[in-house]
Protein chains: 4
Amino acid sequence: MAKAKSLRKPGRPRSLAAREAVLEAAYQIVMSEGVGRLTIERVASETGVGKPTIYRSWANAQELAMAAFMAQPEEEFKLPKGSWKELLQAHLSSVIKTFSSSRGRQITLTMASAEQESELAKAFRNQVILKSREAGRKLLEQAIASGSVKSTFDIEAVLDMLYGPLFFRLLTGHQPLNSSLANHLVETLFEGIAVADA
Amino acid sequence: MAKAKSLRKPGRPRSLAAREAVLEAAYQIVMSEGVGRLTIERVASETGVGKPTIYRSWANAQELAMAAFMAQPEEEFKLPKGSWKELLQAHLSSVIKTFSSSRGRQITLTMASAEQESELAKAFRNQVILKSREAGRKLLEQAIASGSVKSTFDIEAVLDMLYGPLFFRLLTGHQPLNSSLANHLVETLFEGIAVADA
Amino acid sequence: MAKAKSLRKPGRPRSLAAREAVLEAAYQIVMSEGVGRLTIERVASETGVGKPTIYRSWANAQELAMAAFMAQPEEEFKLPKGSWKELLQAHLSSVIKTFSSSRGRQITLTMASAEQESELAKAFRNQVILKSREAGRKLLEQAIASGSVKSTFDIEAVLDMLYGPLFFRLLTGHQPLNSSLANHLVETLFEGIAVADA
Amino acid sequence: MAKAKSLRKPGRPRSLAAREAVLEAAYQIVMSEGVGRLTIERVASETGVGKPTIYRSWANAQELAMAAFMAQPEEEFKLPKGSWKELLQAHLSSVIKTFSSSRGRQITLTMASAEQESELAKAFRNQVILKSREAGRKLLEQAIASGSVKSTFDIEAVLDMLYGPLFFRLLTGHQPLNSSLANHLVETLFEGIAVADA
DNA sequence: TGCTAAGCGAGACGGTACGTCCAGTCTTTTG
DNA sequence: CAAAAGACTGGACGTACCGTCTCGCTTAGCA
């Protein structure tokens with residue numbers, strides 16, 4: 001009888017313990033001091049893991065930061081009952097709360113300083129930045145299906161009108177970031193600003 | 001006879017030529033290779049200006065980058081004739097065109113990587129990032145005054161619904177950045193997405 | 001019933017092919033780039049042999065270098081006919097020719113950088129460095145036996161007066177290394193430098 | 001009247017204190033643990049001098065080792081009274097004593113592992129390795145002038161017959177290194193090994 | 001006219017971090 | 001069950017910049 005083919009590569013497997021220690025230490029540094037203070041050197045010395053071992057998994061400190069965020073995922077957003085408007089406001093409000101934390105600020109900076117092209121950057125964008133936007137998309141699609149909302153608009157633009165302001169304020173800090181923003185955004189979005197024609 | 005009070009500080013005045021050479025070189029580097037490649041060392045060696053001379057004017061490379069952008073200002077936005085909606089679309093469209101350039105991307109990255117607190121960062125934000133937003137504010141206020149548009153909404157939120165999506169897409173690249181976005185944004189903003197009540 | 005006694009050790013035998021490939025690759029590297037450029041890592045990657053396999057046979061790069069030289073032995077020295085003086089000069093001359101090659105230089109450097117104590121180092125010394133000195137000793141002993149040469153001197157010192165200058169010049173390069181040296185050495189050795197007493 | 005030309009180079013002068021601390025630390029390491037244990041990293045951390053500062057003066061650890069030896073020169077050899085033969089024996093004896101120390105062994109290893117071409121290597125060779133050989137040359141020349149010694153031999157070869165055996169034994173360790181060697185060498189050199197003709 | 005204060009360039013300084021190479025060891029699978 | 005092979009930890013490499021510090025030398029207002 002044929003021998004079972006081994007699915008493993010030859011050689012010593014990568015150390016899971018080292019990987020976890022590195023991701024954890026990186027996360028702590030980023031959260032407490034910011035992405036700018038995350039260096040491979042420091043992670044290596046704090047964890048006792050060798051630098052080459054870290055470089056074997058991540059190409060530079062930005063990648064490591066993204067991986068660290070992805071390894072410590074956000075909790076899921078929960079939706080209360082209510083009208084579509086209320087649902088959307090509640091959702092946006094919780095997203096704002098999440099991103100106005102230190103973690104949110106650091107995530108945004110990390111995204112900004114990363115190379116957009118790399119695979120890891122795309123994964124980070126989708127898993128960490130755009131996950132809530134996808135939740136918003138589902139809400140909108142359900143609202144359309146239920147007939148409470150028009151179906152004629154460009155959904156990508158609408159989504160960005162809801163989530164864009166959040167990151168804009170996070171980056172520039174020109175306006176406060178709180179849940180009343182969620183209400184204003186959704187209110188304006190539903191009603192429009194044009195005066196009602198007679 | 002009373003001595004004329006000197007407005008000048010004692011000692012040799014700072015060299016204007018050095019200042020201009022530094023700003024120009026910094027701008028070239030940022031535009032051609034990105035903010036990340038701008039180092040004081042390099043600017044010093046390319047211009048022949050001493051490092052301490054550069055540090056006397058700017059605290060670090062980020063500040064220099066911001067100063068370089070401010071010294072090379074954007075041209076003004078011109079507004080064609082038309083309805084308020086058309087005016088706003090045209091304005092947004094030209095802002096998008098400006099920021100979707102290499103310069104726009106680098107400005108955004110510079111903003112993202114700067115310390116938000118410093119005086120220079122605030123000036124940069126107001127002069128470079130938010131200048132167009134202020135132009136949009138004027139347009140909106142005029143539209144309100146003319147009665148074509150409601151006056152009940154939160155103008156800050158509305159402005160961020162127009163400009164936020166731009167920077168959001170610039171940073172994450174999840175959606176294309178072109179003038180059709182301007183149209184979708186303004187259209188949705190004026191009309192809202194709620195189904196018209198009977 | 002007793003099992004036939006196996007003459008083999010248990011387990012997989014060492015790969016002769018791997019051993020030969022390693023020695024050959026090491027020799028090539030040492031000859032073309034010098035002992036200092038010989039690293040286990042490089043030999044492993046060039047031959048496709050695993051590093052532990054190499055370490056199983058040699059403790060470090062110096063040992064491997066010595067082993068590589070020993071696996072590629074020098075051809076024997078041939079002696080023409082003539083007086084003892086001529087024989088000795090011819091012998092020294094051929095030794096000088098051999099050692100003034102690239103191989104000779106690398107052998108000397110290898111000896112210099114090796115730990116003197118190890119068994120392999122002693123073997124290397126005897127087989128590679130001192131083999132020609134032993135040939136010289138035989139010549140001298142025959143000359144003594146034949147009565148052409150005194151028997152009162154310290155033969156070790158005399159041998160080192162013949163071979164020492166060679167390695168001295170090889171290491172420091174302060175004087176050229178050619179066959180005229182052989183003549184001068186032997187001439188001076190036979191005659192001495194003291195003025196003949198009346 | 002013409003202004004006095006400045007003899008100094010522009011810029012901050014190199015720190016003498018740093019230079020001395022580095023040379024001293026390097027010397028201590030080499031003497032106590034051997035050339036192989038001298039690393040720039042270690043010298044930097046022990047002295048508090050930055051690595052780039054060290055590299056500004058020396059290209060690698062070997063150069064630093066040579067510089068360290070040159071900064072800690074050998075004491076001069078003193079010559080007692082006696083015949084030329086006795087003088088030469090005394091001199092060689094003291095050279096042997098010097099080089100059979102730990103310092104001598106390390107100097108020889110350093111020479112062996114250095115690039116022969118560099119300026120510093122040549123200086124090291126002349127100042128540290130060949131200084132005593134030059135002293136020996138003077139002795140010989142005086143002996144020739146005084147008529148006690150022939151003038152027909154090749155002085156370079158003769159010098160290497162005296163000093164070569166020393167380094168040969170130092171490197172290979174095949175024979176002991178003590179002052180009786182000095183006597184044998186000089187004895188043989190003066191008298192030759194050929195049987196006296198009738 | 002000469003003094004003085006602050007500018008200027010150059011370049012070395014102590015440092016931090018980079019990303020790489022290599023040494024030797026450990027842990028798998030393979031023959 | 002030892003050999004083979006790849007990943008491991010860890011030390012050092014040599015380089016790039018950081019931001020600061022001496023230097024010797026302008027430059028320009030003030031006395």
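So you know, we letter chains A, B, ... as the sequences are listed, proteins then strands, and number each from 1.
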Toward the 5' end of DNA chain F, by each residue's nearest nucleotide, R42(D) or G48(C): G48(C)

Among the candidates dG14(F), dA17(E), dA23(E), find the nucleotide nearest to the side-chain atoms of I40(D). dG14(F)

Rounding to an integer number of Å, can you tell me how far I54(C) CD1 sits from dA2(F) P? 21 Å

Taking only the side-chain nitrogens and oxygens of T53(C), find out if one of them lies under 4.0 Å from OP1 or OP2 of dA3(F). no

From CG of L16(C) over to P of dG31(E), roughly how many Å is that when rounded to an integer? 19 Å

Distance-only donor-acceptor test (3.5 Å): side chain R12(D), base dC21(F): yes

Nucleotide nearest R56(B) when distance is taken to its side chain, options dG19(F), dC8(E), dG11(F): dC8(E)

What's the closest nucleotide to the side chain of K51(D) if the choices are dC17(F), dA17(E), dT9(F)? dA17(E)

Closest to side chain of Y55(D), choosing from dT22(F), dG14(F), dG9(E): dG14(F)

Expressed as a whole number of angstroms, how long is the span from E41(B):CD to dA12(E):P? 12 Å

Starting from C1' on dA10(E), measure out to CD on E46(B) and report it in whole angstrom. 17 Å

So if I apply the side chain to side chain donor-acceptor pair (under 3.5 Å) rule between Y27(B) and each of Q72(B), Q106(B), R103(B), which one comes out positive? R103(B)

Let me confirm one number: the CG-CD distance from L120(A) to E63(A), rounded to the nearest 0.5 Å. 5.0 Å

Name the nucleic acid region contacted by A18(A), choosing base, sugar-phosphate or nothing; use a 4.0 angstrom heavy-atom cut-off, strictly under. sugar-phosphate

Judged by nearest nucleotide, the residue sitting upstream toward the 5' end of DNA chain F, N60(D) or A61(B), is N60(D)

Is there a donor-acceptor pair under 3.5 Å between the side chain of T53(D) and the backbone N or O of V49(D)? no

Between the side chains of E33(D) and Q28(D), does any donor sit under 3.5 Å from an acceptor? no

Could you check how far CG of L38(C) sits from C1' of dA23(E), rounded to whole Å? 13 Å

